[in-house]
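Input: a single structure, listed below in structure tokens.
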Amino acid sequence: MPDPDQPTGGPDAQALEAEIVRLHKVVDALMDRSESSTNVQGSDFGLFQTTIMLQDQVRLRSEELEAAVRDAQGDTSSSRASAPRDMQTLRRTTALQIQLLELVVQRKDVGELVDRVAAILDIPIILFDTRGRVVCCSRSAADAPDLAARTWAAYKDLQGSPDPDGVVTSVGRRAFFREIVVMNHAERVLAAVASQRQPTAFTGASLLFLQQLVTLDLLRSRDELRMRRRVRRGLLRDILAGDGTPDELRIRLQAQGFDEESVLRIVIVEPESPQMPPEQALGTRTTGRLGGTLLRSLDDVLSQRRIPFLSSSMGPLLVVITELPDSGTATARALLADLQEAATQAVSPARVAVGCSAPLAGVASAARSLQQAKAACIAARRAPHPGSTGIFEELSGHLGLLDGLDGGSLDDLVHRTFAPLLDYDARHRANLYETLRTLFEHRLAAQETADSLHIHRNTLQKRLAHVEKLLAIDLSDLDVIVDIRLGLHAAELLGGPRP
């Protein structure tokens, strides 16, 4: 491999053409590797698109290099005068690109690409996200105090200037900026700080090629992440539906990093609007968002903790299976709190409840554990202060009594308790069931219930008298109160009563 810093005695078109031939070989190897990756089971079409983009970018760059060789071989006097300098720049640029492409073939991360270019150019290079946080940087940048802050400030100043080249020049120094744009949005900012003695053409060309590789790496990383998420969601849905034998599901769990001895729990994240009943609010406000922003925010929390997990949205709910041996430990409670905080930020100003099941007794018990997590969510939602989390082992009697009932049994309980009321509401477009539910939400406090329903207290009393008549009950009877409470809990676990 040629040394880009090695001085050259003059134009050597044959040697440069030989380097370009070598570049083509490296490109061919890169293409073969990329194309083979698209044939792996479960690969995403986006990864194939990234491969095509990589091919196009490399071919374009190779054509530019070959055109530069032809231009350098021209016999005009001006070309002959500038040939030594142009050929040296071209040689160094070609050698740098070969080195970077070989790193890509070896699947090195972006940090190594940045550090290699910084070492060759002998300048510090920093990769920022769009908020000015350092994603990675060269060793020379890491050793310079306050360099990142000053460089980002220079970039922010540049955004208001007309300079199209992304270059800021100050006393004795020159800063280069390249935006990494994906789907018409800037996702990263590549910055380099050089002295004014540095050759601008070589530095600019090198950073341009690095910009292209960082863009492609970001696209590839997104495609791989999307593919991993798709696999995790598919596995979670299969576990909850019991689709597959326990042995098959255990093998698939191990492929996702779960140990055979892992203690698994189901966590449910449930946003709701405080202005609307939960079953109505969840359907209108957050269903569309849970598949995107909320799901990604929770995945980020779990990924940062470096614990295996599966996650997926189920209508208005977000469901997670993860390792959580003891829900009473500080570590477990911190995880639940972090999930609650991330979800709240994602769907603000909606309130968010988080519920955690008891440990799974094998993958076959996932459906029961899902119901436990829903019950814990109900308890968290009823907590007097926001930011609450519910844990199944800590639930009091009423919700615990429903543990183990399947959907059919819960539905039967709801209809045995409320059938006449639900039938009346359906035939007369009334809301007596909602009135009863709101009364129990406010612990049978009549005035608070009336205020919540925006009706007069006398109107509430008339509605409740009608409820008692339809259900043939007395709401002052303690046994009736317990039965109604259980029926309401069963309806909540089902996502609302079915008429």
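Here the structure is a predicted model, which is why all the values come from computation and not from measurement. If you read the sequence from its start, that first residue is 1, and numbering goes on from there. Basis for what follows: all heavy atoms, side chains included, without hydrogens, waters or symmetry-related copies.
When the side-chain contact (heavy atoms from CB on, under 4.5 Å) test is applied to P359, the partners found at least two apart in sequence or on another chain are V263, R265, E393. Scored by the ring pair (Phe, Tyr, Trp, His ring centres under 6.0 Å) test, H454 finds no partners at all (sequence neighbours excluded). Not counting sequence neighbours, the partners of T417 by the side-chain contact (heavy atoms from CB on, under 4.5 Å) test are L413, I484. Every side chain to side chain donor-acceptor pair (under 3.5 Å) that S312 has, sequence neighbours left out, goes to R237. Taking the side-chain contact (heavy atoms from CB on, under 4.5 Å) definition, one finds that D412 meets it with R416, sequence neighbours left out. By the ring pair (Phe, Tyr, Trp, His ring centres under 6.0 Å) test, H442 pairs with no residue at all, sequence neighbours left out.
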Residues L475, L464; criterion side-chain contact (heavy atoms from CB on, under 4.5 Å); working and verdict: CA-CA 9 Å; L475 287 174; L464 294 178; 4.3 Å; yes
Intermediate values then yes/no, side-chain contact (heavy atoms from CB on, under 4.5 Å), L127 and V134: CA-CA 6 Å; L127 184 64; V134 176; over 6 Å; no
Test log, rule side-chain contact (heavy atoms from CB on, under 4.5 Å), inputs Y155 and E179: CA-CA 10 Å; Y155 168 72; E179 290 185 343; 2.4 Å; yes
R457 vs D451, salt bridge (charged side-chain N to carboxylate O under 4.0 Å, His left out): CA-CA, chis, key distance, verdict: CA-CA 8 Å; R457 181 166 178 160; D451 292 342; over 6 Å; no
Worked verdict on S369 versus F392 for side-chain contact (heavy atoms from CB on, under 4.5 Å): CA-CA 9 Å; S369 295; F392 183 76; over 6 Å; no
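Shortest non-hydrogen contact noted between L147 and A141 is CD2-CA, 4.0 Å. Contact between L471 and P420 at its shortest, heavy atoms only, is CD2-CD, 3.9 Å. Across every non-hydrogen atom of A376 and I391, the tightest pair is CB-N, 4.0 Å. When all heavy atoms are compared, the tightest approach of L207 to A192 is CD1-CB, 3.7 Å. What you find for R233 and S311 is that their closest heavy atoms are CG-O, 2.8 Å. Of all non-hydrogen atoms in A491 and V414, the two that sit nearest each other are N-CG2, 3.5 Å.
S357 contributes a side-chain N or O that, together with a main-chain N or O of I266, makes up a donor-acceptor pair within less than 3.5 Å. Side-chain atoms of T389 do not come within 3.5 Å of backbone N or O of A337 as any donor-acceptor pair. D146 places no side-chain N or O within donor-acceptor distance of the main-chain N or O of A149, the cut-off being under 3.5 Å. Side chain of Q211 to backbone of I180: no donor-acceptor contact under 3.5 angstrom is found. Judged purely by atom type and a 3.5 angstrom limit, S221 uses its side chain to pair as donor or acceptor with the backbone of D217. Remark: the backbone N or O of R133 is paired with a side-chain donor or acceptor of D129 at under 3.5 angstrom. E270 contributes no side-chain N or O that, together with a main-chain N or O of A353, makes up a donor-acceptor pair within less than 3.5 Å. Judged by distance alone, the side chain of T438 and the main-chain N or O of E434 form a donor-acceptor pair under 3.5 Å. Checked by atom type and distance alone, the side chain of T449 pairs as donor or acceptor with a backbone atom of A445 at under 3.5 Å.
For the pair R463 and L453, the minimum side-chain heavy-atom distance is below 4.5 Å. Counting heavy atoms from C-beta on, the side chains of F128 and V135 never come closer than 4.5 Å. In this structure, L302 and L339 have side chains that are in contact, with non-hydrogen atoms separated by less than 4.5 Å. Counting heavy atoms from C-beta on, the side chains of I239 and I321 come closer than 4.5 Å. The closest side-chain heavy-atom distance from R178 to V214 is not below 4.5 Å. Counting only heavy atoms from C-beta outward, the side chains of L317 and V269 never approach each other to under 4.5 Å. The shortest side-chain heavy-atom distance between D259 and Q254 does not fall under the 4.5 Å cut-off. Between I307 and L324 there is no side-chain heavy-atom pair separated by less than 4.5 Å.
Note on R437 versus E441: salt bridge recorded, some NZ/NE/NH1/NH2 to OD/OE distance being below 4.0 Å. Between D423 and R427 there is a salt bridge, since at least one side-chain N of the basic residue sits less than 4.0 Å from a carboxylate O of the acidic one. Remark: E187 engages R222 in a salt bridge, criterion side-chain N to carboxylate O under 4.0 Å. With salt bridges taken as basic N to acidic carboxylate O contacts below 4.0 Å, one links D238 and R252.
Within a 6.0 Å sphere centred on CD of E260, heavy atoms belonging to other residues, nucleotides or ligands number 12 at most.
Here M314 contributes atom CE and L240 contributes atom CG; the two are 5.5 Å apart, rounded to the nearest 0.5 Å. In this structure, the separation between SG on C356 and CZ on R333 is 9.5 Å, given to the nearest 0.5 Å. To the nearest 0.5 angstrom, R188 atom CZ is 14.5 Å from I126 atom CD1. In this structure, D425 CG and L470 CG are separated by 8.5 Å, a value rounded to the nearest 0.5 Å. Expressed to the nearest 0.5 Å, how far CG of L298 lies from OG of S303 amounts to 10.5 Å. Residue D483 holds its CG atom at 12.5 Å from CZ of R485, rounded to the nearest 0.5 Å.
Between H466 and Y424, the two ring planes are perpendicular [angle over 60°; tilted spans 30° to 60°]. Ring geometry for F418 against Y433 counts as perpendicular: the plane angle is over 60°, on a 0 to 90° scale with 30° as the lower cut.
If you check the side chains of D247 and T245, you find no donor sitting under 3.5 Å from an acceptor. At a cut-off of 3.5 Å, with distance as the only test, a side-chain donor of Q340 or T344 sits close to an acceptor on the other residue. Side chains of D300 and Q304: a donor-acceptor N/O pair is absent below 3.5 angstrom, by distance only.
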